[in-house]
Amino acid sequence: MTRVKIDVTGAGIAVRCEACGGSLDERTSYVACPTCGALLEVVQTPPTARGRALQARFDDRLGVDALRGSAAARSGVWRYRELVLPNAGEAIASHPEGNTPLLERASITRFAGVESLGLKHEGHNPTGSFKDRGMTVAVTQARRIGASAVACASTGNTSASLAAYAAQAGIPALVLVPAGLVALGKLAQTIAYGARTLLVRGDFDDCLRLVREAADRLGVYLANSVNPFRIEGQKTIVFELLQQLGWEAPDWIALPAGNLGNTAAFGKALREAHELGLIARVPRLAAVQASGAAPFARAFAERFTTRHRVRAETVASAIRIGDPASWDRAVEAIRYTKGIVVAVDDEDIMEAKATIDASGVGCEPASAASVAGVRALVSRGEIAVGERVVAVLTGHVLKDPETLIREVGRDGSGSRWSRPIEIDAELAAVEEVLRASA
Ligand code: F0G
């Protein structure tokens with residue numbers, strides 16, 4: 001296997017406090033400012049190459065090393081390493097991840113009501129969600145600082161991802177999830193990959209508060225998206241979709257929004273891509289929340305004058321979050337991209353999911369929020385029919401089997417999916433079913 005060539009001329013990072021401006025060493029174990037407590041941010045020293053030269057460099061990396069090089073050379077995160085963590089070198093813990101497809105399905109495009117809809121399917125990542133893109137970077141950083149353990153709070157995908165990457169890096173992982181509120185696939189993965197799993201009697205917001213305290217007091221490295229290195233990895237969803245579009249920016253990028261780490265990452269990615277000349281103009285972000293967990297959408301409608309907190313409830317358990325942690329960064333992302341935040345009902349989310357599932361693509365409920373959001377914004381006239389839209393599908397269809405099975409089992413004709421039929425092991429029974437459904 002060939003090693004990744006560390007060709008990051010001029011690139012580097014600084015870690016800085018977003019509020020007081022204090023700076024920390026690149027190998028810091030802090031994820032919040034030790035002076036004022038605000039979130040930290042990674043500030044990139046850009047590579048010397050820009051514009052077409054930088055595009056060409058990223059395009060050139062899609063050669064044979066992208067198929068048979070080291071994990072980092074094959075990764076759709078580390079392909080952009082000079083914009084992620086330029087000096088990680090040998091410490092990189094990569095599955096690999098990324099390289100997710102940009103799909104198009106006529107039935108979903110029609111459902112959304114636009115002429116062009118790309119689906120960036122992050123469910124194709126190794127643990128089935130976009131979290132792997134941030135986690136490869138956070139766990140790489142955990143290795144660089146010699147962390148003795150890593151921890152996170154989660155609605156399920158972050159914990160599955162952390163468990164997998166921690167296992168690869170040989171670092172013990174502690175995860176806190178809300179008892180009874182995590183989809184089965186995610187819980188099973190987290191346990192399978194060997195994380196110490198705590199089922200907290202409370203919701204996600206309780207878990208996050210608790211794990212932040214625990215990380216502070218117990219000296220474990222926090223891997224939630226408040227960790228600035230997670231954000232650097234998640235930016236590559238945007239870099240990769242732009243590269244897939246030949247560096248021609250779409251008009252809109254729609255994504256589900258919960259704890260707002262991804263919204264923040266997308267804003268940072270677009271700012272950097274534009275400043276580096278990778279794209280000529282900045283797409284608008286459409287951040288989509290579930291109506292029962294929509295403090296950010298409510299604040300958007302009030303021009304972000306107030307930070308809201310709610311007790312969250314939605315079928316989309318991944319985004320059942322009432323007090324999002326990356327609030328300020330996400331406000332900045334929406335403002336910078338002239339974006340929109342919208343809330344959609346659970347019914348609309350499930351209708352979008354049914355359409356995505358029936359096309360053979362499939363996704364978990366929270367992911368379908370992005371397509372439901374596009375449809376809502378088209379019907380409100382915010383997105384024009386002729387605009388080019390990319391919707392991010394954040395998680396795999398297998399993540400949440402119970403929600404689907406529950407829907408299918410609902411009494412009456414309510415189900416949008418066809419209900420399985422139990423039969424005797426006889427040809428006549430098969431024939432009868434075929435006749436009835438003809
Ligand atoms: N979609 C899925 C499938 C998710 O798992 C999440 C977040 C989001 C969207 C929202 O992203 O929080 O960055 O706004 N899941 C976290 C978790 C909270 O613990 O797995 P966000």
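Note that the structure is predicted; figures quoted are calculated from it, not measured. Note that ligands are numbered from 1 as they come in the structure, with each ligand's atoms numbered from 1 the same way.
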Undergrad: Ligand 1 and S159, any nitrogen or oxygen pair closer than 3.5 angstrom?
TA: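 No - when backbone and side-chain N and O of S159 are compared with those of ligand 1, no distance drops under 3.5 Å.
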Undergrad: What I want to know is whether Q234 and ligand 1 share at least one N or O pair that is separated by under 3.5 angstrom.
TA: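 By distance alone, the answer is no.
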Undergrad: Is there a donor-acceptor contact under 3.5 Å linking the side chains of T394 and S129?
TA: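 Note: T394 and S129 side chains miss the donor-acceptor criterion.
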Undergrad: S129: heavy atom below 4.0 Å from ligand 1, yes or no?
TA: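 Outside the 4.0 Å threshold, so no.
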Undergrad: Which atoms of ligand 1 have any heavy atom of S154 under 4.0 Å away?
TA: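 Answer, ordered by atom number: 17 (C), 19 (O), 20 (O).
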Undergrad: What protein heavy atom sits nearest atom 11 (O) of ligand 1, and how far off is it?
TA: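 Residue, atom and distance for the closest contact: F130 CZ, 3.6 Å.
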Undergrad: Would you kindly specify which portion of E364 sits under 4.0 Å from ligand 1, judged on non-hydrogen atoms: side chain, backbone, both or neither?
TA: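 For E364, the contact with ligand 1 is made by the side chain alone.
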Undergrad: We want to know whether R416 and T355 form a side-chain donor-acceptor pair, criterion being a heavy-atom distance below 3.5 angstrom.
TA: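 No.
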Undergrad: In ligand 1, which numbered atoms sit nearer than 4.0 Å to a non-hydrogen atom of N157?
TA: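 Those of ligand 1 that fall under 4.0 Å from N157 are 2 (C), 3 (C), 4 (C), 5 (O), 20 (O).
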Undergrad: Against heavy atoms of I321, which atoms of ligand 1 measure under 4.0 Å?
TA: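 Listed by number with element: 18 (C).
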Undergrad: Could you give the distance from CZ (R375) to CD1 (I383), rounded to the nearest 0.5 Å?
TA: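 These two atoms lie 13.0 Å from each other.
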Undergrad: Are R16 and E41 close enough for a salt bridge, meaning some N to O gap below 4.0 Å?
TA: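 Salt bridge present between R16 and E41.
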Undergrad: Nearest 0.5 Å please: distance from the CZ atom of R309 over to the CZ atom of R298.
TA: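 Between R309 CZ and R298 CZ, I get 12.0 Å after rounding to 0.5 Å.
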Undergrad: Does ligand 1 have an atom that lies less than 4.0 angstrom from a heavy atom of L255?
TA: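 False for this residue.
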Undergrad: Give yes or no for whether the N/O distance cutoff of 3.5 Å, strictly under, is met between T158 and ligand 1.
TA: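 For ligand 1, there is an N or O atom that lies under 3.5 Å from one belonging to T158.
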Undergrad: May I ask you to check whether over 12 heavy atoms, not counting those of E302, lie within 6.0 Å of atom CD?
TA: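 Atom CD in E302 is packed in, count exceeds 12.
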Undergrad: Got a second to check how far M350's CE is from E407's CD, nearest 0.5 Å?
TA: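 With rounding to 0.5 Å, CE (M350) is 4.0 Å from CD (E407).
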Undergrad: Please state which protein non-hydrogen atom is closest to atom 2 (C) of ligand 1 and give its distance, to 0.1 Å?
TA: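 The closest heavy atom on the protein side is T394 OG1, 3.4 Å.
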Undergrad: Heavy-atom distances under 4.0 Å decide this one: backbone, side chain, both or neither, for A318 against ligand 1?
TA: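 The answer is both.
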Undergrad: Looking only at distance, does A366 have an N or O less than 3.5 Å from an N or O of ligand 1?
TA: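 The answer is no, given that A366 and ligand 1 share no N or O pair closer than 3.5 Å.
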Undergrad: State whether a side-chain donor-acceptor pair under 3.5 Å links N125 with E97.
TA: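 Side-chain D/A pair, N125 to E97: absent.
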Undergrad: If you have a sec, work out which protein heavy atom is nearest atom 13 (O) of ligand 1 and how many Å separate them, to one decimal?
TA: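 Closest protein heavy atom to atom 13 (O) of ligand 1: N262 N, 2.8 Å.
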Undergrad: Which protein heavy atom lies closest to atom 12 (O) of ligand 1, and at what distance to 0.1 Å?
TA: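 Nearest protein contact, heavy atoms only, for atom 12 (O) of ligand 1 is N259 N, 2.7 Å.
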Undergrad: I'd like to know if the side chain of D400 pairs up with that of T403 as donor and acceptor (distance under 3.5 Å, no hydrogens or angles considered).
TA: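 Note: D400 and T403 side chains meet the donor-acceptor criterion.
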Undergrad: Among K131, E122, H396, R230, which one has a heavy atom closest to atom 7 (C) of ligand 1?
TA: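 Going through K131, E122, H396, R230 one by one, K131 has the nearest heavy atom to atom 7 (C) of ligand 1.
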Undergrad: With a 4.0 Å heavy-atom cut-off (strictly under), which part of T155 contacts ligand 1: side chain, backbone, both or neither?
TA: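 It is both backbone and side chain that touch ligand 1.
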Undergrad: Going by the atom numbers of ligand 1, which of them fall below 4.0 Å from some non-hydrogen atom of A257?
TA: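 Those qualifying, in numeric order: 14 (O).
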Undergrad: Mind checking whether Y80 and F58 have parallel, tilted or perpendicular rings, split at 30° and 60°?
TA: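 Perpendicular.
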Undergrad: Short N/O distance, under 3.5 Å, between P256 and ligand 1?
TA: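 There is no such contact.
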Undergrad: Hey, which atoms in ligand 1 end up nearer than 4.0 Å to a heavy atom of G261?
TA: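 Near G261, the atoms of ligand 1 are 13 (O), 14 (O), 21 (P).
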Undergrad: Considering non-hydrogen atoms only, spot the tightest contact between L181 and G202 and give its length.
TA: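 Heavy-atom minimum between the residues: CD1-O, 4.1 Å.
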Undergrad: Among L377, V371, V378, find the one that has a side-chain contact (heavy atoms from CB on, under 4.5 Å) with V374.
TA: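 Of all the options given, the one that passes is V378.
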Undergrad: Name the closest protein heavy atom to atom 8 (C) of ligand 1, giving the residue it belongs to and the distance to 0.1 Å.
TA: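 Of the protein heavy atoms, I319 CG2, 3.6 Å lies nearest.
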Undergrad: Tell me whether G395 has any N or O atom under 3.5 angstrom from an N or O of ligand 1.
TA: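 No, there is no polar N/O contact under 3.5 Å.
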Undergrad: Roughly how far, to the nearest 0.5 Å, is the OG1 atom of T263 from the NZ atom of K268?
TA: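 So the NZ of K268 and the OG1 of T263 are separated by 15.0 Å.
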Undergrad: Check whether any N or O atom of K186, backbone or side chain, sits under 3.5 Å from an N or O atom of ligand 1, and answer yes or no.
TA: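 Not met; the criterion fails.
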Undergrad: Can you tell me if T263 has a non-hydrogen atom under 4.0 Å from ligand 1?
TA: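 Per 4.0 Å heavy-atom rule, T263 does not contact ligand 1.
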Undergrad: With the threshold set at 4.0 Å, does a side-chain nitrogen-carboxylate oxygen contact exist between K131 and E122?
TA: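 No, this pair does not count.
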